Amino acid sequence: MALNEESAEKRKSARLAIFELANMISVPMSLNAIVRLKVADAIWQGGSNAPLSASQILQRIASTGSDPENLQRILRMLTSYGVFEEHLTIESSPLDGSASERKYSLTEVGKTLVTDTEGLSYAPYVLQHHQDALMKAWPLVHEAVLDPTTEPFVKANGEPAYDYYGKQPEMNELMLKAMSGVSVPFMEAMLDGYDGFKGVERLVDVGGSAGDCLRMILKKHPGVRQGINFDLPEVVAKAPIIPGVTNVGGDMFKSIPDGDAIFMKVLVVTCSSQFRMVMLSS
Ligand SMILES: C[S@@+](CC[C@H](N)C(=O)[O-])C[C@H]1O[C@@H](n2cnc3c(N)ncnc32)[C@H](O)[C@@H]1O
């Protein structure tokens, strides 16, 4: 291929790539729609995962007046991102001889959205990441470059994320559910191969949310006799009672309860660099 032809090919690919990037918002928004519609639970009903058409899915989740065509568009979009598998069947039709029907089952990725026997899945995590307050902050990300003194979430909502969540009971509960859905399978995998809790009797989980991590650690390591679930007061107020675990409300930037060891998971990453330094040096 001549050099100028090759660069023309590259330019075509580049235009396609930027076109896809410019429309990328359709992917998470489609995922959000699927979660709101509870499509994964509808397909999984009874654990069969039998392929269903958009109309059949809607029969399980929606009242009359809903639009299978629009649902199918969303299903096809997410099929191309590995959430669903599409099953195309060609059936004979008396009119033109043939007709096709598209049906959808869940892939391994799609199955993470199915509610398990404990009422958990990754679905609340998807919802939490697309809640209105965060959606208002995303278009202001460029301002974090131009004026880093105020973070985009504060600009969009008037106060830092955790202060805001604390005043919104439904967001607080969504966050607890989202973290449980993500952390329980993660901890199962982690505890399978980790034995770093030897000699620890009193363990403090800083930013422990609903206390799932401590519950699972205490079950796997009976030597850890006391768990302190430390989180913001509004959060621990909604945390369930777990035998062996004491819920303590407070602010980790002011003080942290004493223990033989401190456990932190998905916490440092959510703080600003300045707060990370304060936390890790204290
Ligand atoms: C991303 S969640 C992680 C929850 C849990 N560690 C897990 O992995 O499932 C971060 C947690 O840190 C808590 N948090 C945020 N700021 C805090 C602060 N200043 N003091 C104590 N906890 C805080 C939040 O309320 C939230 O529960």
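Residues: numbered from 1 along the sequence shown. In each ligand, atom 1 is the first atom listed, and ligand 1 is the first ligand listed. Everything numeric in this text was worked out from a predicted model, so none of it was measured.
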| said: Residue-level breakdown please: for Leu176 versus ligand 1, do any non-hydrogen atoms fall below 4.0 Å on the side chain, on the backbone, on both, or on neither? | reply: neither
| Does any N or O atom in Phe253 lie less than 3.5 angstrom from one in ligand 1, N or O only? | no
| Any side-chain donor-acceptor pair under 3.5 Å between Asn229 and Asp205? | no
| task | Return a yes/no value for Tyr162: is any of its N or O atoms, backbone included, closer than 3.5 angstrom to an N or O of ligand 1? | result | no
| Considering distance alone, does some N or O of Asp251 sit under 3.5 Å from an N or O of ligand 1? | yes
| request: Evaluate whether atom NZ of Lys219 has more than 12 neighbouring non-hydrogen atoms of other residues, nucleotides or ligands under 6.0 angstrom away. | output: no
| query | Which atoms of ligand 1 have any heavy atom of Val235 under 4.0 Å away? | reply | 25 (O)
| query | Is Ala210 in contact with ligand 1, taking contact as a heavy-atom separation below 4.0 Å? | reply | no
| message | A quick test of your reading: do over 12 heavy atoms of other residues, nucleotides or ligands sit less than 6.0 Å from CD1 of Ile25? | response | no
| message | With heavy-atom distances below 4.0 Å as the criterion, list the atoms of ligand 1 near Gly250. | response | 20 (N), 21 (C)
| task | Consider every N or O of Gly207 and every N or O of ligand 1, then say whether any pair is closer than 3.5 Å. | result | yes
| message | Does atom NZ (Lys103) have a neighbourhood of more than 12 heavy atoms from anything else shown, all under 6.0 Å? | response | yes
| field | Heavy atom of Met175, distance to ligand 1 below 4.0 Å | value | yes
| query | Does Ser183 approach ligand 1 within less than 4.0 angstrom via side chain, backbone, both or neither, non-hydrogen atoms only? | reply | side chain
| query | Which bit of Val266 is near ligand 1, meaning a heavy atom under 4.0 Å away: side chain, backbone, both or neither? | reply | both
